[in-house]
Amino acid sequence: MNTTPRKGEWFSDATFERVAEQLASEPATSLWSDVRRRLAARASARWSLRWLLALVLASLFVPLLPLPSPAAMALDKQPKPPVAPWVEPFNERFEPYYGALNPLDRALVGVRQQAFGKRQTGPWLGTDAKGRDTLARILWGSRTSLLVALFAALTSLTIGVAWGAIAGLARSRVDNAMMRTVDVLQSLPTIFLVIFLLSFLNAPSPSGAARSVSRETVFFLVIGAVSWLPMARVVRGQVLALRSAAFVESARTQGASTSWIVRAHLVPNVLPIVLVYLTLTLPSVILYEAFLSFLGLGVEAPNVSWGVLAADGAEAISPLATFWWLPLGPALAMGATLLALGLLGDALRDALDVKRSQA
C-alpha cells in the first residue's frame with residue numbers, strides 16, 4: 001500500500017491518519033536486524049560466513065577428527081603426492097604422537113583414539129619430506145593463525161576502543177599525551193621489536209638459569225602491543241566528530257561521567273566502523289604471523305602454523321624436483337580465509353552504510 005501523500009494532501013487529516021495507521025501496523029526494526037537482512041541478501045557474505053564457521057569448527061575440533069598426527073614423521077620416505085579420497089580413504093597406521101598438548105586437546109585425542117582406534121585418513125593432500133600429513137598440518141596450523149587473529153581482535157576492541165574514546169573525550173593535554181603514546185608505539189619497527197624481545201626474554205639470568213620464553217608468547221606480546229594502535233586512531237577520530245553532538249552534550253549537562261558517556265552513547269555509535277575496521281585487522285594479522293614464521297621468527301617446531309607450512313613449501317621447490325602440493329595446500333587455505341574476510345568486510349561496510357542502503 002502506497003502511503004505517500006499526493007500533491008496538495010500534505011495538510012489533510014485523512015492523509016495523516018492513514019500514514020499513522022500504516023506506520024503503527026508495521027513492526028519496528030532495529031539497526032542490527034536490518035544489517036542481518038542485508039548480509040543475508042548477499043551471496044558473497046553468506047558463503048564467507050559459512051567458510052569461516054567451518055574453518056573455526058574444524059580447527060577447534062581437529063583433535064577429534066580421524067586425521068594423522070601432524071607431528072608423526074616417517075623419515076625413510078619421500079614426499080607423497082596427493083591421493084584421492086576414493087583411492088585411499090583410510091589406513092591403519094595412526095601414531096598418537098602430538099608433542100606437548102594442553103589438557104583439553106589431550107582429552108579430545110583420547111576420545112578420537114577410542115572412536116577410531118588406529119584408523120586414519122589417507123594422504124589426501126600428500127605428505128612432506130618428513131612424512132607428515134599435509135591436511136592434518138593445515139588444520140592444526142589454522143589454530144595458531146586464527147588464535148593470533150582472535151587475540152588481535154580482542155586487544156583492538158578492549159584497548160583500542162577504550163583508548164580512542166577516552167582520548168577523543170578528554171581535554172587537549174590528556175588527548176595529546178595519549179596520542180603521542182600511540183605515535184611512539186606505532187613508530188617501533190615490529191620485526192626489530194620481536195628480535196629484541198626474543199633476545200631479552202631468552203637471555204640467561206644472573207643466576208645462570210636460562211629464561212625460556214616461546215616465540216609464540218613473544219609474538220602474542222608484540223601483537224597485543226601494536227594491534228590496537230590503528231583502532232585507537234579510528235575511534236578517536238569518530239569520537240571527536242560525535243562529542244559535540246546534542247545527545248552527548250545533554251548527558252554531560254545532566255552530570256554523566258565520561259565512562260558512562262563512552263559506554264552508553266559513543267561506543268554504540270562508533271561500533272559499526274569498528275566492526276568494519278576489525279575485518280581489515282584480522283587479515284593483516286594473519287599475514288603478519290605468516291611472514292614472521294616464514295622468516296623463522298614466529299612459531300617454533302614442533303608447533304605448526306600457516307607461515308611455517310609456507311616456509312616448508314618454499315624449501316620444497318627446487319630445480320631438481322618440485323613438490324607442488326606442499327605450498328599449494330597452505331596457500332589455498334590462507335587465500336580462501338583472507339578472501340572470505342575481505343568479502344565479509346565489504347558486505348558489512350555496505351550493510352552498515354544507512355545512506356547507501358536507502359539510495
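Note: hydrogens, waters and symmetry copies are ignored here, and every other heavy atom, side chains too, is used.
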- request: Decide yes or no on side-chain contact (heavy atoms from CB on, under 4.5 Å) for Trp124 and Thr134, but give the supporting numbers first.
  value: CA-CA 8 Å; Trp124 296 349; Thr134 304; over 6 Å; no
message: Once rounded to the nearest 0.5 Å, what's the spacing between atom CG of Leu65 and atom CD of Gln120?
response: 13.0 Å
task: Identify the two heavy atoms, one from Pro327 and one from Pro330, that lie closest to each other, and give their separation to 0.1 Å.
output: O-CD, 3.6 Å
task: Would you please test Ile286 and Val148 for side-chain contact (heavy atoms from CB on, under 4.5 Å) and show each step?
output: CA-CA 7 Å; Ile286 292 176; Val148 169; over 6 Å; no
Tabulate below the donor-acceptor pairs under 3.5 Å that side-chain atoms of residues 101-109 make, not counting sequence neighbours, or state none.
residue : atom : partner : partner atom : Å
Asn102  : OD1  : Leu104  : N            : 3.1
Asn102  : OD1  : Asp105  : N            : 2.7
Asn102  : ND2  : Asp105  : OD2          : 3.0
Asp105  : OD1  : Arg143  : NH1          : 3.2
Asp105  : OD1  : Arg143  : NH2          : 3.0
Asp105  : OD2  : Arg143  : NH1          : 2.6
Arg106  : NH2  : Leu101  : O            : 2.5

query: Does Thr144 use its side chain to pair, donor to acceptor, with the backbone of Val304 at less than 3.5 Å?
result: yes
- prompt: Can you list the steps and then say if Arg93 with Lys118 is a side-chain contact (heavy atoms from CB on, under 4.5 Å)?
  reply: CA-CA 6 Å; Arg93 296 191 294 268; Lys118 303 286 289 184; over 6 Å; no
- line: One should read off an interatomic distance between Trp51 CH2 and Leu53 CG, to the nearest 0.5 angstrom, of 12.0 Å
task: Group every Ile, Leu, Val, Met, Phe, Trp and Tyr by side-chain heavy-atom contacts under 4.5 Å, then state whether Leu292 and Leu309 land in the same group.
output: no
query: Around atom CZ of Phe90, are there more than 12 heavy atoms of other residues, nucleotides or ligands at under 6.0 Å?
result: yes
query: Rounded to the nearest 0.5 Å, how far does CD1 of Ile138 lie from CG of Leu125?
result: 5.5 Å
task: Tell me whether Val222 is reachable from Phe291 by hopping between hydrophobic residues (I, L, V, M, F, W, Y) whose side-chain heavy atoms are closer than 4.5 Å.
output: yes
- request: Using a cut-off of 6.0 Å, state whether more than 12 heavy atoms not belonging to Glu95 lie near its atom CD.
  value: no
- request: Might you work through the side-chain contact (heavy atoms from CB on, under 4.5 Å) test for Arg236 and Asp175, ending with a clear yes or no?
  value: CA-CA 9 Å; Arg236 174 182 175 268; Asp175 179 23; 2.8 Å; yes
message: Is there a side-chain contact between Leu185 and Trp228 in this structure, where contact means two heavy atoms from C-beta onward sitting under 4.5 Å apart?
response: yes
- request: Could you grab the distance from atom CG of Asp133 to atom CH2 of Trp140, nearest 0.5 Å is fine?
  value: 13.0 Å
task: Please report the closest heavy-atom contact between Leu55 and Ser142, naming both atoms and the distance.
output: CD1-CB, 4.1 Å
- prompt: Looking at Trp47, is Arg50 sitting on its ring face, NZ or CZ under 6.0 Å from the six-membered ring centre and within 45 degrees of the normal?
  reply: yes
Below 3.5 Å, can you tabulate the donor-acceptor pairs from side chains in residues 150-169 to any protein atom, sequence neighbours excluded?
residue : atom : partner : partner atom : Å
Thr155  : OG1  : Phe151  : O            : 2.7
Ser156  : OG   : Ala152  : O            : 2.9
Ser156  : OG   : Ser227  : O            : 3.0
Thr158  : OG1  : Leu154  : O            : 2.8
Thr158  : OG1  : Thr155  : O            : 3.4
Trp163  : NE1  : Met178  : O            : 3.3

- request: Any chance you could measure Leu287, atom CG, to Phe294, atom CZ, to the nearest 0.5 Å?
  value: 13.0 Å
field: Connected via hydrophobic side-chain network under 4.5 Å: Leu146 and Met334
entry: yes
ILVMFWY network linking Leu52 to Leu339, side-chain heavy atoms under 4.5 angstrom: no
- prompt: What is the distance from atom CG of Leu135 to atom CH2 of Trp325, rounded to the nearest 0.5 Å?
  reply: 15.0 Å
Polar side-chain atom of Arg132 near backbone of Ala71 as donor-acceptor pair, under 3.5 Å: no
- line: Scanning both residues in full, the closest heavy-atom pair of Gln186 with Pro230 reads NE2-CG, 4.0 Å
message: So Leu240 and Arg243, do their side chains get closer than 4.5 Å, heavy atoms only?
response: yes
message: Between Val62 and Phe116, is there shared hydrophobic-cluster membership here, with clusters defined by ILVMFWY side-chain heavy atoms closer than 4.5 Å?
response: no
Enclosure of Tyr98 OH (heavy-atom neighbours >12, cutoff 6.0 Å): yes
field: Where Pro96 and Gln113 come nearest, the two heavy atoms and their spacing
entry: CB-NE2, 3.5 Å
field: Nearest heavy-atom neighbours spanning Pro79 and Ala129
entry: CG-CA, 3.5 Å
message: With a 6.0 Å cut-off (strictly less than), is the heavy-atom count around CZ of Arg173, excluding the residue itself, greater than 12?
response: no
- prompt: What are the two closest non-hydrogen atoms of Arg46 and Ala40, and how far apart are they?
  reply: NH1-O, 2.7 Å
query: Ion pair present between Asp312 and Lys130, side-chain N to carboxylate O less than 4.0 angstrom?
result: no
May I have the list of side-chain donor-acceptor pairs in residues 267-285 shorter than 3.5 Å, sequence neighbours left out?
residue : atom : partner : partner atom : Å
Asn269  : ND2  : His265  : O            : 2.4
Thr279  : OG1  : Val276  : O            : 2.5
Thr281  : OG1  : Tyr277  : O            : 3.1
Ser284  : OG   : Leu280  : O            : 3.4
Ser284  : OG   : Thr281  : O            : 2.7

query: Does Ser48 reach the side chain of Leu341, with side-chain heavy atoms less than 4.5 Å apart?
result: no
task: Mark yes or no for whether Ser293, through its side chain, and Glu289, through its backbone, hold a donor-acceptor pair below 3.5 Å.
output: yes
